[in-house]
Amino acid sequence: MIDSHKLKKRNIYLKKLIAFQDTEPVKVITGIRRCGKSSLLKLMAEHLKENGILPEQIIEMNFESFNFKNMSSDDVYNYVKERIIPDKRMYLFFDELQRISSWEEAVNAFRVDFNCDIYVTGSNAYLLSSEYSTYLSGRCVEIKMLPLSFREFVYFYDFEIKETPSALGGTRRYAIDKNGERYDLRELFDGYMRFGGMSGIADVGLDLEKAMLFLDGIYSTVVIRNILEREKRKGQKQITDAVLLRKIILFLADNIGNSVSITSIGNTLVNEGLLENGSREGKPSVHTVQAYINTLFESYFFYEIKRFDIKGKEYLRTLGKYYIVDIGIRNYLLGMRNRDTGHAIENVVYFELLRRGYDVAIGKIDNAEVDFIATNTENKIYIQVTESMQSEDVRKRELAPLQKIKDNYEKIILSLDTGSDTSFE
């Protein structure tokens, strides 16, 4: 049986925090709501205590808590000031700090006035946007947090990966749970593709009804608190049509991995009658659609990937693609039926590449397309993603763009069903 979990370490992120411990920059952890940012702060606080820091040297404030409701930046400053221990280094943890007006002034004052190490979380990209960054320019480091990877998903559910000799040579991997029950890795991956990687979902187990309620709560929180309330706080009136916002979200979720233009979104919503039940008359303008999509980027709900001309070695302005931050949220929005598995796998691969520190683009070469070009300071990889490589037509389609690229960087095809061949010229 798959069971729920206790608080687990997310080492990929915890190690980054520890690496910057006691350095001048403010540590800013960003990511969609409920992806594990608050737990990461708790894990960092526990790390400090385990390494000799006294509990009274740690000040924790979660601005989602009623204890800190309606605070001003002055209130936050005074709260911290009253708890400063003279001649001791203080560790300040601020969760969802963007809810406090003029928060950046308080943070900057802490840096100037006290001997402290500061950690901040936020669920909006505008936390570090130009209007605030002048206060922290060159004085902060951003740690971008994502939902669980498949490896973390397996770990959160207390599975252990084992290897056994394969009948065809080499080894074959499988998983066992804490009761010794054995699972095929594909079975676990199917679970990951179904329920996604929002870390709190492991608390409810892989129970469909509970999972849908949990994901509904995340969706509602992101839309209401991070988008609609955000506009009220900033004094803007752009995001006022909740029906249009949901229709755009559903459209993007249904078209992950497809080339999409802003103009086509408005046209499709009108042509397919998707706005008929709303109050809006006529087609939304390109400006309006772009404004709504920008808020989804700011909330880390969707990510945009640009197109790169491999021969011309430049980014193109035309037709990018969008991927949703968690495949489980997509299934909540669109239903659990099997749909477009290839693009769903693409979605998972895209975010895994981001976790591993790659910059990712779509590759264009002549009239062909490479799903991903992943680059970092040391390497470049060309990647195609497909559900199955069994069909000869699919093999030709996936190989053709890679075979056109005349450099020596690694070129791979990721597939759930690779067929008998594992390498191609």
Side-chain angles (χ1 to χ4, degrees), residues 1-5 8 12 146-199 201-202 204-208 210-212 215 256-257 323-332 334-356 371-372 374 381 383-395 397-399 412-424:
M1 288 291 292
I2 295 177
D3 204 352
S4 62
H5 76 289
K8 302 255 182 157
I12 185 175
L146 292 168
L148 302 176
S149 66
F150 176 57
R151 181 187 293 273
E152 290 176 313
F153 177 88
V154 170
Y155 165 64
F156 264 55
Y157 283 103
D158 293 318
F159 286 97
E160 185 178 357
I161 304 300
K162 298 283 190 179
E163 290 188 350
T164 187
S166 169
L168 299 177
T171 59
R172 185 171 62 86
R173 294 192 295 172
Y174 62 94
I176 59 170
D177 66 12
K178 58 187 178 183
N179 298 317
E181 191 170 348
R182 184 165 172 163
Y183 292 83
D184 185 81
L185 282 184
R186 175 61 187 272
E187 185 179 0
L188 297 188
F189 187 73
D190 288 345
Y192 179 65
M193 292 292 292
R194 187 176 178 86
F195 292 93
M198 300 304 291
S199 57
I201 206 166
V204 302
L206 300 187
D207 178 290
L208 183 58
K210 291 179 180 178
M212 290 302 100
L215 293 171
I256 57 170
Y323 292 104
I324 192 167
V325 69
D326 180 69
I327 206 69
I329 294 177
R330 181 184 192 240
N331 292 333
Y332 153 74
L334 302 178
M336 284 290 189
R337 64 187 183 277
N338 291 329
R339 58 162 69 238
D340 201 7
T341 304
H343 282 156
I345 299 169
E346 266 185 45
N347 201 99
V348 169
V349 171
Y350 170 70
F351 284 102
E352 183 60 28
L353 291 170
L354 294 186
R355 287 186 193 94
R356 297 188 183 198
D371 289 331
F372 301 120
I381 310 173
I383 301 169
Q384 293 282 72
V385 181
T386 184
E387 182 179 5
S388 173
M389 283 285 283
Q390 291 285 2
S391 162
E392 179 66 24
D393 289 341
V394 171
R395 286 198 294 272
R397 183 191 71 206
E398 299 298 327
L399 285 168
I412 62 176
I413 300 174
L414 298 176
S415 176
L416 294 180
D417 188 357
T418 59
S420 57
D421 294 322
T422 57
S423 64
F424 302 87

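The shown structure was predicted, so the numbers you read here are calculated from the model rather than taken from an experiment. Nothing fancy with the numbering, it's 1 onward along the sequence.
For Phe351, the ring pair (Phe, Tyr, Trp, His ring centres under 6.0 Å) partners are Tyr303, not counting sequence neighbours. For Glu352, the side-chain hydrogen bond (donor to acceptor under 3.5 Å, both in side chains) partners at least two apart in sequence or on another chain are Arg355, Arg356. Annotation: side-chain hydrogen bond (donor to acceptor under 3.5 Å, both in side chains) contacts of Glu163 (sequence neighbours excluded): none. Every residue two or more places apart in sequence or in another chain that forms a ring pair (Phe, Tyr, Trp, His ring centres under 6.0 Å) with Tyr350 is listed here: Tyr323. Under the salt bridge (charged side-chain N to carboxylate O under 4.0 Å, His left out) criterion, Glu160 pairs with Lys162, sequence neighbours left out. In terms of the ring pair (Phe, Tyr, Trp, His ring centres under 6.0 Å) criterion, residue partners of Phe150 (sequence neighbours excluded) are, by chain and number, Phe189, Tyr192.
Using a 4.5 Å heavy-atom cutoff, the side chains of Met198 and Leu215 are in contact. Side chains of Met193 and Ile345 form a contact here, defined as non-hydrogen atoms less than 4.5 Å apart. In this structure the side chain of Ile12 never reaches within 4.5 angstrom of the side chain of Arg151, judged on heavy atoms. With contacts defined as side-chain heavy-atom distances shorter than 4.5 Å, the pair Gln384/Leu399 does not qualify.
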Run Asp190 and Arg186 through salt bridge (charged side-chain N to carboxylate O under 4.0 Å, His left out) and show every step you take. CA-CA 6 Å; Asp190 288 345; Arg186 175 61 187 272; 3.0 Å; yes

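Between the side chain of Asp158 and the main chain of Lys178, no donor-acceptor pair closer than 3.5 Å is present. A distance-only check finds no donor-acceptor pair linking the side chain of Asp417 to the backbone of Gln390 [under 3.5 Å].
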